[in-house]
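Following: one structure in structure tokens, then a few remarks.
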Amino acid sequence: MRLRQAILTAAAAAVLSVGAGTGAKAETFRWAFQGDAQSLDPHILNETFTIGFHSNIYEGLIRRDEDLKIQPALATSWEMMEPTRWRFHLREGVTFHNGNEFNADDVIFSFQRILKEGSDMGSKLAPGTEVVKVDDYTVDFITENPNPILHYEWADVFIMDKEWAEKNSATQPSDVAKGEENYAAFNANGTGPFKVQSRETDVKTVLVPNEDWWDEPKHNLTEVVFTPISSDATRVAALLSGEIDMMYPVPVQDLRRVDSNAGTSTMTGPELRTIFLGMDQMRDELLYSNVEGENPFKDQRVREAFYRAIDINAIKQKIMRGQSDPSALMISPFLFERADEFERLAYDPDKAKELLAEAGYPDGFQLQMDCPNNRYVNDEAICQAVVAMLAKVGVQVDLNAQPKAQYFAKALAYDVSFYLLGWTPSSLDSYNVLANLIMCLDREKTPIQAKFNYGGYCNPKVDELANEVLVETDQEARNDKIEEAFRTLHEDRGYIPLHQQYLAWGKRDNIDLVQRPDNQFMLYRVNVN
């Protein structure tokens, strides 16, 4: 844990700290990202940008600071009453944006809501956990087994106003996969530092400070204007011309241009996100392939062939311009101290062809690849490179690159055969990766577990180890189990890890802000000078 914190602190060295913000003149702040938040509903999508956007409007029981250390938020303190009972003491005197008082009923309602159909956040509460009201400002969480990291992910479990949700028929989360929406998708009522003044989806969202926020503002903003700009060139041009004050991501090919422009600069640093490729291993026949009656990805040799066909160093140099770290693991090495014990499979197209032939595909085969084109750094370009590399070993890939709204709707319906995804564990812990991406997917028995395991990878040994990791309190023993779980996945070739991308933000020089290694943007730490 000390090592992990030291690395995180080093990763946060790219931070530009704010000054004495509250004494500066008030200003409008204009910023842009490559896509919009999927919805204003805080429980629908476990995706970093959407969560980060919501965190300026809604709050959880805890929050994380610029070094990703846990801080009290809507809970002022907590303690373990017994191995399976945690008690959280809630902050008194807090009001939602509409003036309603915050209390224990809102906490219980929100934790129940994340477990309902349509929510992506259910994995943040361990199965079988009971949420009990002690009094208006005290809540107990009773777990089936000891859980030393119970609250690590709760900065992203945003608390909603029970009364407001019931009044507006928003007790059920919107469902991205089904395209269902409700009042909470277009309106917000949190306790956070900013309120939504107006919202035009995919066009513009205007936020204003919450004058009744319980905490002391560390910004000098009177208005925040967010504009999604999907075109890299347009986004960069808007920054260079002064049309916007901050944007991200900066395309890697434009980093020097932004830094050399008078009045603008970049902020770069390692991100905790891992970009990887997934394969459908659960169906007997792929949805999108010319192979009939069987699923090539059920054969470990085919999965390894795909892995060895990918020249990760070429992707780093030509696509990412050096702004990535190739990975052998599904988690950032900053978050697992034994990561250096793993090595990527070597790039070997000849070996890939040999493996395909051994598996019965000497001439390769054809399939479709799903990829977002406005979510990760150079996501579509990475997918295009993968398509070209696989073609060299005889696999013909039809690329289906879409905006993230369409991509996630398709992926969350498990309507994919081969896909690219990125993942940042919000708990900053390996169990998050195991539980969300790697444990066996059973949509009927365990609809919450492994929800983002779109390809249905399954190894009961990994599940057994993951369950032990969750309750293990001895750190060395816990690391042993994590290592064995990741080792099993690696030997199965269950996923193809690619890299950890770098953060690349661009800003005008008169803007002071904080860059967190998890790529969540804290508006309440922004000052315009």
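Distance alone, capped at 3.5 Å, places no donor-acceptor pair between the Tyr419 side chain and the Met369 backbone. For the pair Gln501 (side chain) and Val377 (backbone), a donor-acceptor distance under 3.5 Å is present. No donor-acceptor pair closer than 3.5 Å links the side chain of Asn100 to the backbone N or O of Phe96. Between the side chain of Thr138 and the main chain of Asp135, no donor-acceptor pair closer than 3.5 Å is present. Side-chain atoms of Asp280 come within 3.5 Å of backbone N or O of Met282 as a donor-acceptor pair. At least one donor-acceptor pair under 3.5 Å links the side chain of Ser119 to the backbone N or O of His43. When atom types are taken as modelled, the side chain of Gln515 and the backbone of Met267 share a donor-acceptor pair closer than 3.5 angstrom. No donor-acceptor pair under 3.5 Å is formed between the side chain of Arg235 and the backbone N or O of Pro251. A donor-acceptor contact shorter than 3.5 Å is absent between the side chain of Asp67 and the backbone of Lys69. With hydrogens and angles disregarded, no donor-acceptor distance shorter than 3.5 Å links the side chain of Asn378 to the backbone of Ile382.
Annotation for Asp105 and Lys162: closest pair O-CD, 3.8 Å, computed over non-hydrogen atoms. Closest of all the heavy-atom pairs between Leu40 and Tyr58 is O-CE1, 3.9 Å. The minimum heavy-atom distance between Pro228 and Asp36, with the atom names listed, is CB-N, 3.8 Å. When every heavy atom of Phe418 is checked against every heavy atom of Gln368, the shortest pair comes out as CB-O, 3.6 Å. Here the closest non-hydrogen pair linking Leu441 and Asn453 is CD2-O, 3.5 Å. When all heavy atoms of Val196 and Ile57 are compared, the pair lying nearest together is CG2-CD1, 3.7 Å.
In this structure the side chain of Asn182 never reaches within 4.5 angstrom of the side chain of Ser169, judged on heavy atoms. Contact of the Asn432 side chain with the Glu153 side chain is registered, since non-hydrogen atoms from C-beta on lie closer than 4.5 Å. Put simply, the side chain of Leu470 reaches to within 4.5 Å of the side chain of Asn147, judged on heavy atoms. Looking at heavy atoms from C-beta onward, Glu59 lies in side-chain contact with Trp214 at the 4.5 angstrom threshold. Two residues are said to be in side-chain contact when any heavy atoms from C-beta on lie closer than 4.5 Å; Lys204 and Val225 meet this criterion. Side-chain contact between Asn459 and Leu489 is absent, with no heavy atoms from C-beta onward closer than 4.5 Å. For the pair Ser55 and Phe158, the minimum side-chain heavy-atom distance is below 4.5 Å. Between Val107 and Phe141 there is a side-chain heavy-atom pair separated by less than 4.5 Å.
The distance from atom OH of Tyr407 to atom CG of Leu412, rounded to the nearest 0.5 Å, is 9.0 Å. To the nearest 0.5 Å, atoms OG1 (Thr48) and CD (Gln520) are separated by 6.0 Å. Thr95 OG1 to Asn103 CG: the interatomic distance, rounded to the nearest 0.5 Å, is 12.0 Å. Atom CH2 of residue Trp505 and atom CD1 of residue Ile511 lie 13.0 Å apart, to the nearest 0.5 angstrom. Here CG of Asp463 is found 9.0 Å from CG of Leu434. Values are rounded to the nearest 0.5 Å.
For Phe521 and Trp31, the ring centers are positioned less than 6.0 Å apart. For an aromatic pair to be called close, the ring centres must be under 6.0 Å apart, and Trp154 with Phe111 satisfies this.
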Item to check | Stepwise salt bridge (Lys or Arg N to Asp or Glu O under 4.0 Å) check, Arg478 with Glu472 | outcome: CA-CA 6 Å; Arg478 195 170 190 270; Glu472 180 60 66; over 6 Å; no
Item to check | Verdict with reasoning, Tyr431 to Tyr152, per ring pair (Phe, Tyr, Trp, His ring centres under 6.0 Å) | outcome: CA-CA 11 Å; Tyr431 177 76; Tyr152 277 28; over 10 Å; no
Next on the checklist: Asn436 vs Ser123, test: side chain to side chain donor-acceptor pair (under 3.5 Å). Steps then yes/no.
Outcome noted: CA-CA 7 Å; Asn436 284 282; Ser123 63; 2.8 Å; yes
Checklist entry - Run the ring pair (Phe, Tyr, Trp, His ring centres under 6.0 Å) check on Phe49 and Phe408 step by step: do they pass? => result CA-CA 13 Å; Phe49 177 76; Phe408 280 113; over 10 Å; no
Next on the checklist: Checking Trp164 against Phe109 for the ring pair (Phe, Tyr, Trp, His ring centres under 6.0 Å) test, could you report, in this order, the C-alpha distance in whole Å, the side-chain angles of both residues, the deciding distance, and whether it holds?
Outcome noted: CA-CA 11 Å; Trp164 178 82; Phe109 166 77; 9.6 Å; no
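Shown are Phe53, Tyr248, Phe33; of these, the ring-ring contact (aromatic ring centres under 6.0 Å, His included) with Phe226 is made only by Phe53. With Ile159 as reference, Asp106 is the one residue of Asp106, Ile108, Thr191, Leu90 to meet the side-chain contact (heavy atoms from CB on, under 4.5 Å) rule. A side-chain contact (heavy atoms from CB on, under 4.5 Å) with Asp41 is found for one member of Arg113, Glu181, Gln172 and no other, namely Arg113.
Between Arg91 and Asp215 there is no salt bridge, since none of the side-chain N atoms of the basic residue sits less than 4.0 Å from a carboxylate O of the acidic one. Checked for salt-bridge contact, Lys167 and Glu163 miss the test: no charged N lies under 4.0 Å from a carboxylate O.
For the residue pair Tyr288 and Asp415, a side-chain donor N or O sits within less than 3.5 Å of a side-chain acceptor on the partner. Judged purely by distance below 3.5 Å, without hydrogens or angles, the side chains of Asn510 and Asn529 never pair a donor atom with an acceptor atom. A donor and an acceptor atom, one from each side chain of Thr205 and Arg199, are located under 3.5 Å apart. Looking only at atom types and distance, the side chain of Ser332 has no donor-acceptor partner in the side chain of Gln500 under 3.5 Å away.
A 6.0 Å sphere centred on CD of Glu243 holds no more than 12 heavy atoms belonging to other residues, nucleotides or ligands. Annotation for Asp474: atom CG counts as buried by contact number, over 12 foreign heavy atoms lying within 6.0 Å. Around the CD atom of Glu166, the shell of radius 6.0 Å holds more than 12 heavy atoms that belong to other residues, nucleotides or ligands. Other residues, nucleotides and ligands contribute more than 12 heavy atoms inside 6.0 Å of the CD atom of Gln406. More than 12 heavy atoms of other residues, nucleotides or ligands lie within 6.0 Å of NZ in Lys116, so this atom counts as buried by the packing criterion.
Aromatic ring orientation, Phe88 versus His151: perpendicular (interplanar angle above 60°, classes split at 30° and 60°). A tilted orientation is assigned to the rings of Phe194 and His219, their planes being inclined by 30° to 60°. Note on ring orientation: taking the six-membered ring where Trp is involved, the planes of Tyr454 and Tyr414 are perpendicular (angle over 60°, cut-offs 30° and 60°).
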